[in-house]
*Asks:* 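Got a structure here, written out as structure tokens. Questions coming.
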Number of protein chains: 2
Amino acid sequence: MPSQQKFDRGDIRRLNAVSVLNQLRLKGALSRANIAFELGLTRATVSNIIANLIDASMVSETEYDSGRAGRPGLLLNLNPAFGAMIAVDIDIDSISILLTDFGQEVLYRAQNPIDSEGSSEATLAIAVSMVEKAIQLSESKGLQCLGICVTWAGLVDREEGQLAFGPTTGWQRVALKTTWEKRFEVSVYVENEAHAGAIGVHHFGERPGVRNLIYLSLGGGLAAGVFVDGVLLRGKLGFAGQVGHTSFADNGVVCSCGKQGCWVTEIGAAALFRKLSEAGVDFPTNNASGNGWIDCVLNKVELGDEVVLGVLSEIGASVGAGLARLVQTFNPSMVVVGGRLSELLKYVEPVIREATLNDTLAYMTDPLELIVGTSGDDALRGGIATVFDSVMKNPKIGEMAGN
Amino acid sequence: MPSQQKFDRGDIRRLNAVSVLNQLRLKGALSRANIAFELGLTRATVSNIIANLIDASMVSETEYDSGRAGRPGLLLNLNPAFGAMIAVDIDIDSISILLTDFGQEVLYRAQNPIDSEGSSEATLAIAVSMVEKAIQLSESKGLQCLGICVTWAGLVDREEGQLAFGPTTGWQRVALKTTWEKRFEVSVYVENEAHAGAIGVHHFGERPGVRNLIYLSLGGGLAAGVFVDGVLLRGKLGFAGQVGHTSFADNGVVCSCGKQGCWVTEIGAAALFRKLSEAGVDFPTNNASGNGWIDCVLNKVELGDEVVLGVLSEIGASVGAGLARLVQTFNPSMVVVGGRLSELLKYVEPVIREATLNDTLAYMTDPLELIVGTSGDDALRGGIATVFDSVMKNPKIGEMAGN
DNA sequence: AATATAAAGTTTACTAAGTAAACTAATTGA
DNA sequence: TCAATTAGTTTACTTAGTAAACTTTATATT
């Protein structure tokens, strides 16, 4: 099968409708004429497409765009009332959920702790109850749920909709998509946490639509989501970006994966925990498998604790050295370090930057935008973006008129 | 600007015409009905497109496809007489050229030595005379030249059509596209050698069109060309795949790039040269910067020289260790090791395979196809493919009727 | 040998989704 | 007040598909 098969007239309408929705997503309120200008379509065509989208209640007219000479344009927006979208992130010791409307405004946000050693059944039961609550809430606002995206830091089989393998939890082949789709009667998507984080930054970050982006998710685990020429790198089985388990230190620590000296063993949460202990820093060590101790360390950093900053600098240098490899490999325009540990590492951002540039051919990084530390919601936002994209790419024009 | 702008009716015809040409490229002689079945178009539509392509003389009818019940189909092929395509590869100590017709049959192949320390002017003068000869030859066969692709192991600025920086030669900003386009009056493309090699394998290799492929070009330098979901990874500036200069050995040799312990210093030609010397192997050491000595080593390997095989095994282990990082990063279905040194390394292919799998999560490589050693023409073939693709993607239907 | 069946390619009528250009509507500014 | 300007709609047209009937040319069967 070649890379692309045939195209027919339906494709052109569908693709143009997606382009229109994408404009509204990226730029907010726009008139038909604005959109026509941006896309190079005629006003007639855009009017036509918009009529369909309004019929489908995906787009709504809001206010007039006055202030200029000439007839004022009628501004259009994604219709918030079209429905609700849900993202769930299952982390090592907590589950987070985010509910937004179709206009991508947050309606609800919650986080519940889970037992980091718990079974997949126990964990998923909590997730289910959180989703139920979110769906109730959206229905109470008259919004039907458009889809649910679950993100998770492990290998994900998107087609089967299952968690294929979790390096930290040990979970294997945990089915989710089919079960939840039956239960909630909406489309369910499963994504790798780093991939979702990259999607979140790509969709909602400082440069929406940035075409060449490396997103590093650094917490208990370590993985990357990479956008290449505007497309998320997935690989043959969808497991691309497992950079945490690439060898890094010659005489490193034995990793959970069985190998020795993986990058994650030098910069992941376990590495921080180990190095802080070695440095004699006083912090709660009773629950190493959770994330609770990180708050304490964060506190110390904010107070300018030199010893902790020293440890972070050491880790930052290793973050940069590894990033350099990725930069040489991908030649991105932007690198974002996210995940729980990025909240700490942003205090040693210069170290990371220097280590990265130091190990990179100068030509590669001309210029390179490096951001350390994000909102912490990257994966959740990426989950929302995933639901949004799949709704957007399948507008079902005509089918859901008067819905 | 969003990832894709508008689509109009012209696009659909153009894209379908490309799909048709792609079928003919991949599968050779096909009838209109065959193509219609493969692409899911109607026979009427394919007939229509084919009429255009025959008008443009890109496609020709050859023989009848009898043997079945029913009216026999008229088999179609890419029309060799449509024109000639030229690929030039500028290597460290030689220039190679390949001339094919539009049916991708080789018409001429040549190789000339160059002074590996020579100036860019001197080198390009030789390249120009080789191209002139090839063009003369194609014109003597009544073929007009459709394009020239020049490949080169260094950073390439495709848009400007210049060699931006050559790590081995030290060349900087050597303009080529504009000069040659003026001189030869045809389109000229410039490509990085590893990218071209990947294109060559993707286009002409054992799995044409393989969607997730890592191609490693291993010679004096070391770089990768990577296909991700069917698309060649280029990166922001087009410099993606510079994996040779990623740090690899903790206490490694100082590299030509100024850093220490780059992967290329452990597995590139210089590494082989160094390790053979250390092992006391007797081979011509008078011209380390060229490739002449490799033939001698190849000879020894073919005779089963244990010491040389030992050195190669050592290098093979490092090749595999580095490949593992790339496999973890890209999750490919196929890895091909090409370039001059691959002719030697194929004798230690099991070592490379084991080292690769040993450092890779098992889930990633289920299965992984690894090929070490190629025809040696990967970049040239990729150059031909580049010219072909650009002609194919811009069929100029109607414009060149009766050409 | 005559006829049925099968498949390839063409023709015809139709349709969807663009475009261009004219038209109508609603503002600002001289 | 009225010209200029811009937004959105309407109309006539074009392109490139589809479906289905038709023609052509083969093989298979009686």
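Residue numbering restarts at 1 for every chain, and letters A, B, ... go by the order of the sequence lines.
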*Asks:* Pick out the pairs of N or O atoms, protein on one side and nucleotides 28-30 of chain C on the other, that lie under 3.5 Å.
*Replies:*
none

*Asks:* Figure out the CZ/C1' separation between A:Arg32 and D:dT10, and round it to whole Å.
*Replies:*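 Taking CZ of A:Arg32 and C1' of D:dT10, I get 14 Å after rounding.
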*Asks:* By nearest nucleotide on DNA chain C, pick out whichever of A:Arg9 and B:Asp8 is the more 5' one.
*Replies:*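 Counting from the 5' end, the first nearest nucleotide belongs to A:Arg9.
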*Asks:* Is there a side-chain polar atom (N or O) of A:Lys6 under 4.0 Å from OP1 or OP2 of D:dA16?
*Replies:*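 For D:dA16, OP1/OP2 do not have a side-chain N/O of A:Lys6 under 4.0 Å.
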*Asks:* Looking only at side chains, do A:Asn34 and A:Ser31 share a donor and an acceptor under 3.5 Å apart?
*Replies:*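 The criterion, which ignores hydrogens and geometry beyond distance, is satisfied for A:Ser31 and A:Asn34.
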*Asks:* Could you tell me if A:Arg381 and A:Thr100 have a donor-acceptor pair between their side chains, going purely by distance under 3.5 Å?
*Replies:*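 Absent: no donor and acceptor within the cut-off.
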*Asks:* If you compare every side-chain N and O of A:Ser47 against the phosphate oxygens of D:dG8 (OP1, OP2), does one of them come in below 4.0 Å?
*Replies:*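 For D:dG8, OP1/OP2 do not have a side-chain N/O of A:Ser47 under 4.0 Å.
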*Asks:* Among C:dT19, D:dT25, C:dG18, which nucleotide has an atom closest to any side-chain atom of A:Asn16?
*Replies:*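 Comparing C:dT19, D:dT25, C:dG18 against the side chain of A:Asn16, the answer is C:dG18.
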*Asks:* With sequence neighbours excluded, give me every side chain to side chain donor-acceptor pair (under 3.5 Å) pair touching residues 41-50 of chain A.
*Replies:*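 Residue pairs passing side chain to side chain donor-acceptor pair (under 3.5 Å), neighbours aside: A:Arg13-A:Asn48, A:Thr42-A:Thr45.
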*Asks:* Answer with base, sugar-phosphate or nothing: what part of the nucleic acid does B:Asp65 contact at a heavy-atom distance below 4.0 Å?
*Replies:*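 It contacts nothing in the nucleic acid.
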*Asks:* Does the ring center of B:Phe227 lie less than 6.0 Å from the ring center of B:Phe330?
*Replies:*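 For B:Phe227 and B:Phe330, the ring centres are not under 6.0 Å apart.
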*Asks:* Tell me: CG of A:Asp11 to C1' of D:dG17, nearest whole Å?
*Replies:*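 About 11 Å, once rounded to whole Å.
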*Asks:* Whole angstrom is fine here: how far is it from CD1 in B:Ile54 over to P in C:dG9?
*Replies:*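 Atom CD1 in B:Ile54 sits about 10 Å away from atom P in C:dG9.
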*Asks:* Kindly determine whether B:Glu369 and A:Lys236 satisfy salt bridge (Lys or Arg N to Asp or Glu O under 4.0 Å), including the steps that lead there.
*Replies:* CA-CA 12 Å; B:Glu369 194 167 359; A:Lys236 172 80 186 312; over 6 Å; no
*Asks:* Starting at atom CD1 of A:Ile12, determine the distance to atom P of C:dT19, rounded to an integer number of angstrom.
*Replies:*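 Atom-to-atom, A:Ile12 to C:dT19, this comes out as 8 Å.
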*Asks:* Would you mind checking if A:Lys6 and B:Glu38 are paired as a salt bridge, meaning a charged N to carboxylate O distance below 4.0 Å?
*Replies:*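 Between A:Lys6 and B:Glu38 there is no salt bridge, as every charged N stays at least 4.0 Å from the carboxylate O atoms.
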*Asks:* Using OP1 and OP2 only, check whether a side-chain N or O of A:Ser31 sits under 4.0 Å from D:dG8.
*Replies:*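 Yes, A:Ser31 has a side-chain N/O under 4.0 Å of OP1/OP2 on D:dG8.
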*Asks:* Would you name the heavy atoms of B:Ala17 and B:Ile49 that are closest together and state the gap between them?
*Replies:*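 Nearest pair, atom of B:Ala17 first, then B:Ile49: CA-CG2, 3.9 Å.
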*Asks:* Look at the side chain of A:Arg71 and decide which nucleotide, out of C:dG18, C:dA26, C:dG9, has an atom nearest to it.
*Replies:*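 Minimum distance to the A:Arg71 side chain belongs to C:dA26.
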*Asks:* Scan side-chain atoms only and decide if A:His202 and A:Arg207 contain a donor-acceptor pair under the 3.5 Å cut-off.
*Replies:*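 No.
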*Asks:* So what does A:Arg43 hit on the nucleic acid, given a heavy-atom distance under 4.0 Å: a base, only sugar-phosphate, or nothing?
*Replies:*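 Base: the residue A:Arg43, judged by heavy atoms under 4.0 Å, touches a nucleobase.
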*Asks:* Could you tell me how far apart B:Arg14 (CZ) and D:dT15 (P) are, to the nearest whole angstrom?
*Replies:*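 Nearest whole value for this atom pair: 17 Å.
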*Asks:* How long is the line joining CG of B:Leu39 and C1' of D:dA16, in whole Å?
*Replies:*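 So the two atoms are 16 Å apart, to the nearest Å.
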*Asks:* Take A:Leu74 and B:Gly10, find for each the nucleotide of DNA chain D with the closest heavy atom, and name the residue whose nucleotide sits nearer the 5' end.
*Replies:*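 First, find each residue's nearest nucleotide; the 5'-ward one identifies A:Leu74.
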*Asks:* Please determine if a side-chain N or O atom of B:Arg13 lies less than 4.0 Å away from the OP1 or OP2 oxygen of D:dG17.
*Replies:*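 It does, given that an N or O in the side chain of B:Arg13 lies less than 4.0 Å from OP1 or OP2 of D:dG17.
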*Asks:* With a 4.0 Å cutoff (strictly under), does any side-chain N or O of B:Asn48 reach OP1 or OP2 of D:dG17?
*Replies:*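 Result: no.
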*Asks:* For C:dT19, does either OP1 or OP2 sit under 4.0 Å from a side-chain N or O belonging to A:Thr45?
*Replies:*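 Yes, within the criterion.
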